Every structure is written in structure tokens, then in C-alpha cells.
Asks: 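Please find one structure pasted underneath; my questions will follow.
Keep in mind that the numbers below use all heavy atoms, side chains included, and drop hydrogens, waters and symmetry copies. Whatever order the structure lists ligands and atoms in, that order sets their numbers, starting from 1. Numbers here are sequence positions counted from 1. If you're wondering where the values come from, they're calculated on a predicted model, not measured in any experiment.
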Amino acid sequence: APERKVAVLGAAGGIGQTLSLLMKMSPSVTKLSLYDIVNTPGVAADCSHVNTGAQVTGHVGQEQLGDALKGCDVVVIPAGVPRKPGMTRDDLFAINAGIVAGLVEGVAKNCPEALITMISNPVNSTVPIAAEVLKKHGVYNPKKLFGVTTLDVVRAKTFYAEKNGFDVNTVDVPVVGGHAGITILPLFSQATPSATMSDEVLDALTKRTQNGGTEVVEAKAGKGSATLSMAYAGALFADAALRGLNGVQDVVECTYVESSITEVPFFSSKVKLGPEGVSEIYGLGDLTDYESDALKAMMPELEASIEKGVNFVKNM
Ligand code: APR
């Protein structure tokens, strides 16, 4: 496999540390660059002792961002503040928008060709923010910017398998839309293996998937949001992106990208990943009435979140 450098920005955080370990264990990664504004020397030293191939470097503070990013193929961004009980992903907006804009500016200057996988919430807005920042620097490539919605897929698979008594390893559920509340739409009618579920069960599974993040926020009772499952999902997606870069055939994942399959400019659906990033965006297939209604219902919120991101950069 070719040399591949991956950077984790926000590597000392709850998501970032676990994600760093998972990327250290990835056979596709040859260089792993860990960046944060605090504590990265310790995280990098710790991670570097794991006896896998990836060479780990730690970079701390703004003045080391350039070194962290130079030569990167994939940049994973989990930097930001996590959600506390009572906060929505949108409440995070003001803080995380500025953090993301600064980091993406670093990408534009140091590794404009890299794939960016965005984890920092609210993803519905932070991806459009990243797009606008990259445009300002004249380096935006819509095929290379992704919002990580993999955790929604992971949750939908877990809950669907559990409810129907399926082996979770054999289950697939496409999840479309965005990455917050009602903008998350699992398409259980297209899940495999298929299952017949009552309207009540279907509605409960849909809502549990949409509120999965809140379930964790409440269980953590003031100590943050999902970290282990989010890091797992972030590593799954980064690995898929790397397999695509390396020309492995048929890498297909649900992810939030610039898209024209609905009326909003960013949307998550199944996409094919190739050597240049996105190589194909798949349509939604046949939707049930329940799914069509849910799709219609999410649009105003998704559109507003996208506009909020775009306007944040325009007013910077
Ligand atoms: N550059 C780099 N790292 C930063 C910056 C910045 N400008 N600002 C903050 N960080 C780092 C923090 O120092 C911390 O190490 O981001 C990390 C965030 O870690 P946690 O506070 O533990 O938060 P976490 O639970 O990992 O969530 C981070 O991911 O899913 C989203 O909603 C979540 O937006 C939140 C983010």
C-alpha cells in the first residue's frame, strides 16, 4: 500500500484520543500526525508505543498546525467543545464554528489536496463552513469534503439488529439527510436483511436513531457527548476514505457531502469513494410514505443549518 499521512485535529479530546488509537491500528496509515492546542505531546508519546506501523508525531498549538498538516492525505477533525445536557448541536455553533474555520484555513494553506472528514458538531453547519473557507482560499473541491454521519449508520445497524434478533455483523441500514435530530433519516425499508416491522416499532427505531446522541449526553450527565462510538465511526469512515484513495473497488458509505439529489446543497446519502474522493453520489431509491414525509419535514431545518454555516464565513 502507498504511504498515507493522516492528521487528527483535536487529538487530545475524548473523541480525538480514541480515534488516534484506532488510526494507529489502521493498516492504511503510515504517518499519523496528532494535533491539539493542549496535551498532544503526551498523547503522541503514548500512542507511539503501540507496535503497529504508523509513525506518530505530536504537534501542539497554533504555530505547529502547519507541520501537522504538511503532506496529509486525510485530515480528520474532531476538535471543538462537546454537548452538555440541555444543549442542542446548534448551541455548539458559536464556539465550534470558529474552531473549524481556523483549522480548515490551515488545511487550505498546507494540504489543499487532502480529504477532510468533519466530526466537529453541528456537522450540518460545520461542513458548509469548511466549504466556504476553502472557497475563500480558492481550493474547494466538493469531492474531498465530508461530514461524518457514520455514527448514525452504526446506531441504526445496532438498534435494527437488536430489535429483529439479527446478527449485527450482517446488517446494513442506509441513513440519509443530516447529522442532527429530525435531519437524520434511517431508511429501514432499504435495510438488509429486510424485516417486517409495525408502524410503531419503525417509528420508535427511527426516533431512537435520531436521538442516539442525546441518549448518550443524558447518560453522561454533564460529562460530555459520545466519544467511543463516535471515534469508532470516525475511524471506520477514515479507513473507507483511505481504501478509496488507494483504489480499492466499491467503497460505498453514507456521508454528508455537497449534493444535488435534493433541494438542499449538502446532503448525506450513499456515495462511492475513489482515488479522487467522491466518485458517485447515489439517489434515495424508493421511499415509503413515512420516509418521504420525514424527508420533507427535515428540509427547513437542514437548509437553515447550511445557511447559518455559509453566513458565518461570509460575516467573518
Ligand atoms: N484546535 C485544535 N484542537 C482544539 C481546538 C483548536 N482550535 N479547540 C479545542 N480543541 C480540542 C480541545 O483541546 C480538546 O482536546 O478539541 C478537543 C475536544 O475534546 P473534548 O472536549 O473531549 O470533546 P469531544 O467529546 O471529543 O467532542 C469534540 O466532536 O462530536 C463532536 O459534538 C462534539 O463538537 C464536539 C467534538
Side-chain angles (χ1 to χ4, degrees), residues 7-23 33-44 46-47 58-69 72 75-107 109-110 116-127 129-130 133 146-152 154-155 178-181 183-184 211-238 256 305 309:
V8 179
L9 310 185
I15 295 168
Q17 289 203 34
T18 310
L19 187 51
S20 298
L21 173 61
L22 293 170
M23 295 322 291
S33 165
L34 306 183
Y35 173 81
D36 203 299
I37 49 173
V38 289
N39 299 339
T40 11
V43 175
D46 191 358
C47 194
H59 311 267
V60 67
Q62 179 70 35
E63 52 299 328
Q64 295 184 16
L65 179 60
D67 282 342
L69 289 171
C72 274
V75 180
V76 186
I77 310 186
V81 294
R83 206 149 55 105
K84 298 277 162 66
M87 278 174 102
T88 65
R89 286 190 177 87
D90 269 336
D91 293 333
L92 297 184
F93 182 87
I95 308 165
N96 286 359
I99 293 174
V100 162
L103 293 172
V104 172
E105 183 168 33
V107 174
K109 288 179 177 160
N110 296 286
I116 300 174
T117 73
M118 185 68 71
I119 293 173
S120 311
N121 273 311
V123 162
N124 290 357
S125 303
T126 53
V127 169
I129 287 172
V133 169
F146 306 88
V148 179
T149 57
T150 316
L151 181 52
D152 305 315
V154 163
R155 285 179 176 139
H179 180 61
T183 71
I184 299 167
N211 296 325
T214 304
E215 198 178 298
V216 177
V217 167
E218 285 171 358
K220 289 199 175 181
K223 302 241 161 62
S225 49
T227 55
L228 302 177
S229 54
M230 184 61 247
Y232 166 76
L236 273 188
F237 187 74
Y256 184 67
S305 302

Asks: If you measure from atom 13 (O) of ligand 1 to every heavy atom of V123, T18, D36, which option wins on shortest distance?
Replies: D36
Asks: Ignoring hydrogens and geometry, is there a side-chain-to-backbone donor-acceptor pair from D46 to G42 under 3.5 Å?
Replies: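 Flag not set: sc D46 to bb G42 has no pair under 3.5 Å.
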Asks: Relative to ligand 1, is I15 under 4.0 angstrom through side chain, backbone, both or neither, heavy atoms considered?
Replies: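 Both backbone and side chain.
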Asks: Would you check whether L9 has a nitrogen or oxygen atom less than 3.5 angstrom from a nitrogen or oxygen atom of ligand 1?
Replies: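 No, L9 has no N/O under 3.5 Å of an N/O on ligand 1.
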Asks: S305 side chain to N124 main-chain N or O, any donor-acceptor pair under 3.5 Å?
Replies: no
Asks: Can you check which of S120, G80, G10, A11 brings a heavy atom nearest to atom 18 (C) of ligand 1?
Replies: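 Among S120, G80, G10, A11, the closest heavy atom to atom 18 (C) of ligand 1 belongs to G80.
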Asks: In ligand 1, which numbered atoms sit nearer than 4.0 Å to a non-hydrogen atom of V38?
Replies: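 Near V38, the atoms of ligand 1 are 13 (O).
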Asks: Counting distance only, does the side-chain N/O of T183 pair as donor-acceptor with the main-chain N or O of A180 below 3.5 Å?
Replies: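 Yes; at least one donor-acceptor contact below 3.5 Å.
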Asks: For L92, is at least one N or O under 3.5 Å away from an N or O on ligand 1?
Replies: no
Asks: Check each atom of ligand 1 against the heavy atoms of T227 and keep those under 4.0 Å away; list them by number with element.
Replies: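 Selected atoms, number and element: 25 (O).
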Asks: If you count the non-hydrogen atoms of other residues, nucleotides and ligands that lie under 6.0 Å from CD in Q62, is the total more than 12?
Replies: no
Asks: Using atom types as modelled and distance alone, determine if a side-chain donor or acceptor of E215 lies under 3.5 Å from a backbone N or O of N211.
Replies: no
Asks: I'd like to know if P78 contacts ligand 1, where contact means a heavy-atom distance under 4.0 Å to any ligand atom.
Replies: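 In this structure, P78 qualifies as a contact of ligand 1 - some heavy atom is under 4.0 Å.
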Asks: Under 4.0 Å from a heavy atom of V81: which atoms of ligand 1 are those, numbered in the order shown and with their elements?
Replies: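 Per the distance check, 34 (O), 35 (C).
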Asks: Would you mind telling me if ligand 1 is within reach of the side chain of N121, the backbone, both or neither, using heavy atoms under 4.0 Å?
Replies: both
Asks: Checking the side chain of N110 only, and the main-chain atoms of L65 only, is there a donor and an acceptor separated by less than 3.5 Å?
Replies: no
Asks: Hey, does the side chain of S33 reach the backbone of A7 with a donor-acceptor pair shorter than 3.5 angstrom?
Replies: no
Asks: Tell me the contacting part of A79 for ligand 1: side chain, backbone, both, or neither, using a 4.0 Å heavy-atom threshold, strictly below.
Replies: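 The answer is both.
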Asks: Is the shortest N/O to N/O distance between G14 and ligand 1 below 3.5 Å?
Replies: yes
Asks: Do M230 and ligand 1 have an N or O pair less than 3.5 Å apart?
Replies: no
Asks: Using distance alone, determine whether L103 and ligand 1 share an N or O pair under 3.5 Å.
Replies: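 N/O-N/O distance under 3.5 Å: no.
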Asks: Answer yes if the ring centres of F146 and Y256 are under 6.0 angstrom apart, and no otherwise.
Replies: no
Asks: Which heavy atom of L151 sits nearest a heavy atom of A233, and at what distance?
Replies: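 What the structure gives for the nearest pair is N-CB, 3.5 Å.
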